[in-house]
Colleague: 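Please see the structure below; I have some questions.
We number each residue from 1, following the sequence as shown. All heavy atoms count here, side chains included; hydrogens, waters and symmetry mates do not. Order of listing sets the numbers, starting from 1, for every ligand and every atom in it. The structure presented is a predicted model; accordingly, all values stated were derived computationally and were not measured.
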Amino acid sequence: MSSADLFRTACRYIPGGVNSPVRAFRAVGGEPFFVSKAEGSRLFTVDGKELVDYVGTWGPAILGHAPDSVIAAICATASRGTSFGVPNPLEPEMAELICGLVPSVEKVRMVNSGTEATMSCIRLARGYTGRDKVIKFEGCYHGHVDGLLVKAGSGALTHSQIDSAGVPKAYAELTLCLPFNDLAAVEEAFAANPGEIAAIILEPVPANAGLYLPEDGYLEGLRELCTQHGAVLIFDEVMTGFRLAPGGAQEIYGVTPDLTALGKVIGGGLPVGAFGGKAEIMDYLSPEGPVYQAGTLSGNPVAMAAGLTQLRELISGGGWSQLEERGRQFEEAMQPAIANLPVTFHRIGSMFCLYFQKGPVRNLADARQSNTKAFAKFFHACLDGGVYFAPSQFEAGFLSVAHSEADIAFTAEVASSALASVAADIS
Ligand code: KE4
């Protein structure tokens, strides 16, 4: 069946034809293609097209798709049973590896998605502090947690549902949503809500409104304010964890959160999330403490085997220096095409974003100035040329260890002609 046929059937039985909104191509127009196989840096569509993939299933495919070692580990482990509902040896193995790679994580609990990880961090911070309010930042996306779907990024932003229907007003009122890179706004929030703020949660490198970076001193300032006011500092590293560095963004910026949410890379493509941090806080979790959190498939052996194998291959293969080198090559290759256009290219490690505006882009308000119509034309021109970027201006792009220099050269060529085709729209 063709993508069009499959999508028709999907729309009959699945809302919007997709199991996650960002996949619906609503922001760029047209219909999503369906993939029959993915390998290395490539996607193979049911229509016989081959694409260089810069979405990488939104981050997990850091080694590229279907690495031999990960597939072998999944098959071998699954042959011994897929889930026991009883502890298995790979759970302490994964926990020890995560705690070894992320020094701020003294104890960790596995869950099944990034959403579960951030939701659990919030509940834990509230239980630990006895406070209810939470500070988040406009444009940051932390999964579809009720209280965090307030001025959220990613698909919520793409579909202009940054404050989702179905979230009770009472929940939203407990969420203070502030502009990113504005420490004064955070100081004012603490002053206006003395003793009421349980936590600050943020993406240390926001990558769900495109990709922009924390300004010098910003993360350190948040750390100081949380310490001063007795609030829990939560880094949502679901996307940046184990991607930007072994210890994630907190290693790059040298700022230590109290709790960290993790996901994507640690599942090797299977459904996995995790959250961890100070043992003093983590021990508030049931059965040790009064904060309840649970999951039927949390720590299941197949997902643990996939994640452990992927992380170990990253470590043994020096994956992070390869990712930085690929990212540098990609940025260099794109320069000639973007040099004289009013676009803004951001990159950190293997994550990047090309904003269709002259910038600067420091926060959500800036990001929303982008020419999303021009982005949509660029996206389709690249797709027609064999390159798949995220189908929204408000997402990041990802390189993997599997992207070759030839992939990058090919991509720069395709992107260059795609940019030429929209140059008139943005100049
Ligand atoms: P999941 O529940 O989708 O596993 O993770 C939620 C999440 C939490 N925190 C951050 C920083 C995230 O980026 C995400 C999920 N990222 C999006 C892509 N921007 C997932 C793609 C999708 O929603 O289909």
Side-chain angles (χ1 to χ4, degrees), residues 14-27 32 35 53-62 110-122 134 136-159 161-162 164 180 199-214 234-244 248-250 257 259-275 295 297-298 303 306-307 348 350-353 364 367 388-398:
I14 308 168
V18 291
N19 281 311
S20 197
V22 279
R23 306 176 193 168
F25 276 29
R26 292 292 171 88
V35 166
D53 175 25
Y54 288 94
V55 178
T57 182
W58 304 99
I62 195 165
M110 305 310 296
V111 291
N112 302 285
S113 69
T115 295
E116 269 191 79
T118 58
M119 174 182 74
S120 307
C121 284
I122 296 295
V134 169
K136 80 170 287 283
F137 298 95
E138 294 163 358
C140 283
Y141 177 70
H142 304 292
H144 61 97
V145 189
D146 275 351
L148 297 179
L149 277 178
V150 177
K151 294 190 178 60
S154 184
L157 176 58
T158 295
H159 298 95
Q161 295 153 355
I162 60 176
S164 171
F180 191 76
I200 291 181
I201 185 169
L202 70 148
E203 296 174 63
V205 174
N208 281 291
L211 172 75
Y212 42 82
L213 304 178
I234 303 169
F235 275 9
D236 177 351
E237 296 224 43
V238 166
M239 205 185 264
T240 54
F242 308 110
R243 173 170 283 277
L244 293 185
Q250 56 195 268
L259 293 178
T260 300
L262 297 163
K264 295 182 190 278
V265 168
I266 59 173
L270 296 194
V272 178
F275 65 104
L297 296 172
S298 298
I348 179 168
S350 58
M351 297 171 66
F352 63 88
C353 175
L364 175 63
Y388 176 53
F389 288 122
S392 166
Q393 171 69 94
F394 305 116
E395 294 290 352
F398 302 92

Colleague: Examine the proximity of ligand 1 to Thr115 and report which part, side chain or backbone, both or neither, has a heavy atom under 4.0 Å away.
Modeller: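 Answer for Thr115: both.
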
Colleague: Is atom 2 (O) of ligand 1 near the protein, in the sense that some protein heavy atom lies at less than 4.0 Å from it?
Modeller: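 Looking at atom 2 (O) of ligand 1, one finds that a protein heavy atom does lie closer than 4.0 Å.
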
Colleague: Going from CZ on Phe389 to CZ on Phe352, what distance comes out if it is rounded to the nearest 0.5 angstrom?
Modeller: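 The distance works out to 5.0 Å.
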
Colleague: Go through the side-chain N and O atoms of Ser392 and Glu395 and say whether any donor and acceptor fall under 3.5 Å apart.
Modeller: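 Not at all, the side chains of Ser392 and Glu395 share no donor-acceptor pair under 3.5 Å.
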
Colleague: Give every donor-acceptor pair under 3.5 Å between a side-chain atom in residues 142-153 and any protein atom, sequence neighbours left out.
Modeller:
residue: His142; atom: ND1; partner: Asp236; partner atom: OD2; Å: 2.7

Colleague: For atom 4 (O) of ligand 1, which protein heavy atom lies nearest, and how many Å away is it?
Modeller: Gly114 N, 2.9 Å

Colleague: At a 4.0 Å threshold, what atoms of ligand 1 neighbour a non-hydrogen atom of Val22?
Modeller: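 Every atom of ligand 1 under 4.0 Å from some heavy atom of Val22: 21 (C), 22 (C), 23 (O), 24 (O).
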
Colleague: Going by the closest heavy atom to atom 15 (C) of ligand 1, which one wins out of Lys264, Arg23, Met239?
Modeller: Lys264

Colleague: Tyr212: what forms a ring pair (Phe, Tyr, Trp, His ring centres under 6.0 Å) with it, not counting sequence neighbours?
Modeller: Phe180

Colleague: In terms of atom number and element, which parts of ligand 1 are under 4.0 angstrom from non-hydrogen atoms of Ser20?
Modeller: 22 (C), 23 (O), 24 (O)

Colleague: Does the side chain of Gln250 come under 3.5 Å of the side chain of Thr260 through a donor N or O and an acceptor N or O?
Modeller: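 Yes, Thr260 and Gln250 have a side-chain donor paired with an acceptor closer than 3.5 Å.
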
Colleague: For Ser113, counting its heavy atoms only, list the atoms of ligand 1 lying under 4.0 Å from any of them.
Modeller: 2 (O), 4 (O)

Colleague: Which atoms of ligand 1 sit under 4.0 Å from any heavy atom of Trp58?
Modeller: 18 (C), 21 (C)

Colleague: Is the shortest distance from a heavy atom of Glu116 to ligand 1 less than 4.0 Å?
Modeller: no

Colleague: What part of His144, side chain from CB on, backbone N/CA/C/O, both or neither, has a heavy atom under 4.0 Å from ligand 1?
Modeller: neither

Colleague: Given that the side chain starts at C-beta and the backbone is N, CA, C, O, which of these parts of Glu203 lies under 4.0 Å from ligand 1, counting heavy atoms, or is it both or neither?
Modeller: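 The part of Glu203 near ligand 1 is the side chain, not the backbone.
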
Colleague: Just to be sure I'm reading this right: ignoring hydrogens, which of Pro206, Gly143, Gly59 gets closest to atom 7 (C) of ligand 1? Compare them by their nearest heavy atoms.
Modeller: Gly143

Colleague: Can you tell me how far apart CZ (Phe275) and CG (Leu259) are? Round to the nearest 0.5 Å.
Modeller: 8.0 Å

Colleague: Report yes or no: do Ser350 and Arg243 form a side-chain donor-acceptor pair below 3.5 Å?
Modeller: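 Per modelled atom types, Ser350 and Arg243 side chains form a pair under 3.5 Å.
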
